[in-house]
Asks: 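Quick one: the structure is below, and I'll ask about it shortly.
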2 protein chains.
Amino acid sequence: METAPQPAFDLQDFLPYLLNQAAEATSRAFQTTYRAAYGMTRTQWRILANLGKFGAMTARDICAISHIEKTKVSRAVATLTAQGLITRSASPKDRRAELLALTDRGRTVFADLGQHAIRHDDALRAAIGQDAAASLHVTLRRIIALAEAPAKTGLPGQLAVNTPRSI
Amino acid sequence: METAPQPAFDLQDFLPYLLNQAAEATSRAFQTTYRAAYGMTRTQWRILANLGKFGAMTARDICAISHIEKTKVSRAVATLTAQGLITRSASPKDRRAELLALTDRGRTVFADLGQHAIRHDDALRAAIGQDAAASLHVTLRRIIALAEAPAKTGLPGQLAVNTPRSI
DNA sequence: CTGTAATAGTTGCATATGCAACCAAGTCAA
DNA sequence: TTGACTTGGTTGCATATGCAACTATTACAG
């Protein structure tokens with residue numbers, strides 16, 4: 001007997017794979033910008049951008065918002081602090097937590113990179129078409145939301161594996 | 001004077017960022033599968049999947065198809081070989097190159113993981129809706145294609161940065 | 001042929017990451 | 001209060017990764 005007539009798996013149709021390739025391609029392109037200009041890493045740039053957008057907050061908040069590993073945040077914050085881009089001040093409410101905020105220089109850097117990012121994003125949207133870009137935006141957000149609140153979906157937990165909080 | 005009225009940058013609308021989050025969320029969920037079952041890494045799984053889909057080929061081909069760094073491929077291939085999942089044989093045409101192919105066990109593993117992957121992908125598509133999934137698929141491919149052939153697009157090279165081949 | 005440039009892969013090294021274990025501070029019931 | 005449990009962050013360690021330098025071939029101009 002031959003093997004059962006299972007549908008063959010094609011990596012080129014596997015969404016996680018395609019998402020990764022697209023993410024890598026677009027992120028790496030922009031990475032050269034903040035890397036060349038400020039020697040920043042992807043994680044650092046994201047934390048800077050989050051602080052720039054939402055204002056002062058704690059490392060824990062950054063983790064919750066951006067889904068970056070706690071240790072990754074911890075180390076990136078240490079580096080950003082050393083570079084004088086952010087300050088850490090003990091939270092008045094909880095002495096365990098530290099409030100993170102951009103310094104003047106941090107704000108300047110954010111403003112600069114933010115403009116580059118906008119141009120980069122515009123170029124990408126133009127290249128794939130505004131309609132496709134808009135719908136991509138919506139779908140990506142939905143996927144991210146699914147991973148965030150797995151319990152609310154009808155998913156068999158496939159997407160939810162290894163989300164420590166939920167166990 | 002206040003700062004110029006530049007549009008504020010919002011990370012939550014930045015496609016590279018959203019792509020990364022979605023890619024991470026979906027890939028990590030599936031990662032637990034091949035990791036728990038075969039102790040494989042993401043790169044290893046992808047190489048296995050490429051060989052499973054396209055048949056024997058050289059490391060160079062894998063790089064071209066999957067856009068994985070050559071050193072990453074080199075090391076993953078070494079590991080996969082050590083695990084008895086693939087074999088390497090000198091290419092008859094070019095003594096520098098080595099032809100990579102799945103072993104019987106490699107094919108078995110690929111078949112197994114492939115089925116899991118299909119189920120995983122189906123769950124994801126169902127969760128976001130078939131229409132959205134289909135259009136996502138198309139858009140992602142387009143983005144990937146843009147990065148591959150930057151010269152053909154009207155892009156100002158934004159997406160094309162650091163593609164060694166092109167310089 | 002012969003010397004130079006390009007190519008397939010590998011490896012050294014410095015950095016980035018993930019996970020588990022670990023502090024210190026807060027919470028809460030009894 | 002006190003003692004068990006949770007939570008914000010950090011650190012140790014093993015692994016993964018990126019880039020540059022290097023070896024072995026192959027390609028090719030003259």
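What you see is a predicted model; the values in this text were computed from it and never measured. Convention: sequence-line order gives letters A, B, ...; per-chain numbering from 1.
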Asks: For residues 68-89 of chain B, pull every pair meeting salt bridge (Lys or Arg N to Asp or Glu O under 4.0 Å), keeping only residues two or more places apart or in separate chains.
Replies: B:Arg88-B:Glu98
Asks: Does anything in residues 45-54 of chain A come within less than 4.0 Å of DNA chain C? Heavy atoms only, and list the residues if so.
Replies: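 Those residues: none at all.
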Asks: Output all residues satisfying ring pair (Phe, Tyr, Trp, His ring centres under 6.0 Å) with A:Tyr17, sequence neighbours left out; order by chain, then residue number.
Replies: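 Applying ring pair (Phe, Tyr, Trp, His ring centres under 6.0 Å) to A:Tyr17 gives none.
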Asks: B:Arg42 near the nucleic acid: base, sugar-phosphate alone, or nothing, with a heavy-atom cut-off under 4.0 Å?
Replies: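 The residue B:Arg42 makes no contact with any strand.
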Asks: Just how far, in rounded Å, is P of D:dG9 from NZ of A:Lys93?
Replies: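 Atom-to-atom, A:Lys93 to D:dG9, this comes out as 14 Å.
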Asks: Are A:Asp104 and A:Arg107 close enough for a salt bridge, meaning some N to O gap below 4.0 Å?
Replies: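 Counted as a salt bridge, because a side-chain N and a carboxylate O are separated by less than 4.0 Å.
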Asks: Please give, in whole Å, the distance from C:dA16 P to A:Arg28 CZ?
Replies: 14 Å
Asks: Provide, to the nearest angstrom, the distance between the CG atom belonging to A:Leu100 and the P atom belonging to D:dG8.
Replies: 13 Å
Asks: Mind checking whether A:Asp112 and A:Tyr38 have side chains closer than 4.5 Å, heavy atoms only?
Replies: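 Yes, at least one pair of side-chain atoms sits under 4.5 Å.
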Asks: Could you check how far NZ of A:Lys72 sits from P of D:dA16, rounded to whole Å?
Replies: 15 Å
Asks: Return the set of residues passing salt bridge (Lys or Arg N to Asp or Glu O under 4.0 Å) with B:Arg35 (not counting sequence neighbours), or none when no residue passes.
Replies: none
Asks: Short question: side chain of B:Arg141, backbone of A:Leu18 - any donor-acceptor pair under 3.5 Å?
Replies: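 Not confirmed, B:Arg141 side chain does not pair with A:Leu18 backbone.
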Asks: Using OP1 and OP2 only, check whether a side-chain N or O of B:Arg95 sits under 4.0 Å from D:dA24.
Replies: no
Asks: Would you mind classifying the nucleic acid contact of B:Thr43 as base, sugar-phosphate or nothing, using non-hydrogen atoms under 4.0 angstrom?
Replies: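 Sugar-phosphate, no base atom in range.
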Asks: Establish, with yes or no, whether the OP1 or OP2 oxygen of C:dA16 is under 4.0 angstrom from a side-chain nitrogen or oxygen of A:Arg35.
Replies: no
Asks: Honestly curious: do A:Phe54 and A:Ile62 fall in one hydrophobic cluster under the side-chain, below-4.5 Å linking rule?
Replies: yes
Asks: Between the protein and nucleotides 7-11 of chain C, which nitrogen or oxygen pairs come in under 3.5 angstrom?
Replies:
from: C:dT7; atom 1: O4'; to: B:Arg96; atom 2: NH1; distance (Å): 3.4
from: C:dT7; atom 1: O2; to: B:Arg96; atom 2: NH1; distance (Å): 2.4
from: C:dA8; atom 1: OP1; to: B:Arg60; atom 2: NE; distance (Å): 2.4
from: C:dA8; atom 1: OP2; to: B:Arg60; atom 2: NE; distance (Å): 3.3
from: C:dG9; atom 1: OP1; to: B:Thr58; atom 2: OG1; distance (Å): 2.1
from: C:dG9; atom 1: OP1; to: B:Ala59; atom 2: N; distance (Å): 3.4
from: C:dG9; atom 1: OP1; to: B:Glu98; atom 2: N; distance (Å): 3.1
from: C:dG9; atom 1: OP1; to: B:Glu98; atom 2: O; distance (Å): 3.4
from: C:dG9; atom 1: OP2; to: B:Thr58; atom 2: OG1; distance (Å): 3.3
from: C:dG9; atom 1: OP2; to: B:Arg60; atom 2: N; distance (Å): 2.6
from: C:dG9; atom 1: N7; to: B:Lys70; atom 2: NZ; distance (Å): 3.1
from: C:dG9; atom 1: O6; to: B:Lys70; atom 2: NZ; distance (Å): 3.0
from: C:dT10; atom 1: OP1; to: B:Arg88; atom 2: NH2; distance (Å): 2.5
from: C:dT10; atom 1: OP2; to: B:Ser74; atom 2: OG; distance (Å): 2.7
from: C:dT10; atom 1: O5'; to: B:Ser74; atom 2: OG; distance (Å): 3.4

Asks: B:Phe110: what forms a ring pair (Phe, Tyr, Trp, His ring centres under 6.0 Å) with it, not counting sequence neighbours?
Replies: none
Asks: Report the residue from B:Leu80, B:Asp61, B:Leu51 that forms a side chain to side chain contact (heavy atoms under 4.5 Å, CB included) with B:Leu100.
Replies: B:Leu51
